[in-house]
Amino acid sequence: MSESGMITIREWDPEVFHRRVLELEAEGYEARLDSYQVLPEMNPETGEIIHLRSVDMYKSMPNSGR
């Protein structure tokens, strides 16, 4: 995690990716929707296409004075 509170989630497994995002949202992080990517890659040994999912998340600041 960087000092600014921004982290990047990168996972090949979609279930693991979504579980990590949900866990971080429960801890007060928010996803930067414009950073969400699904990148196809080919396994050179099998020819199978796999997808890397990534998203940047940042720590939400509590609203003060509300």
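- At a threshold of 4.5 Å between side-chain heavy atoms, the hydrophobic network of Ile, Leu, Val, Met, Phe, Trp and Tyr places Phe17 and Val38 in one connected group.
- The heavy-atom pair separating Arg53 from His51 by the smallest distance is NH1-O, 3.3 Å.
- Considering Glu15, Glu11, Glu25 as possible partners of Arg20, the one that fulfils the salt bridge (charged side-chain N to carboxylate O under 4.0 Å, His left out) test is Glu11.
- For the pair Lys59 (side chain) and Glu27 (backbone), a donor-acceptor distance under 3.5 Å is present.
- Tyr36 and Ile7 fall within a single hydrophobic cluster, where Ile, Leu, Val, Met, Phe, Trp and Tyr side chains are chained together by heavy-atom contacts under 4.5 Å.
- Taking OG1 of Thr8 as the start and CE of Met57 as the end, the distance is 10.5 Å to the nearest 0.5 Å.
- Contact record, Val55 with Arg32: CG2-O, 3.7 Å, taken as the closest heavy-atom pair.
- Here the shortest heavy-atom pairing between Asp56 and Ser35 reads N-OG, 2.8 Å.
- The minimum heavy-atom distance linking Arg10 with Leu52 is given by the pair NH2-CD2, 3.0 Å.
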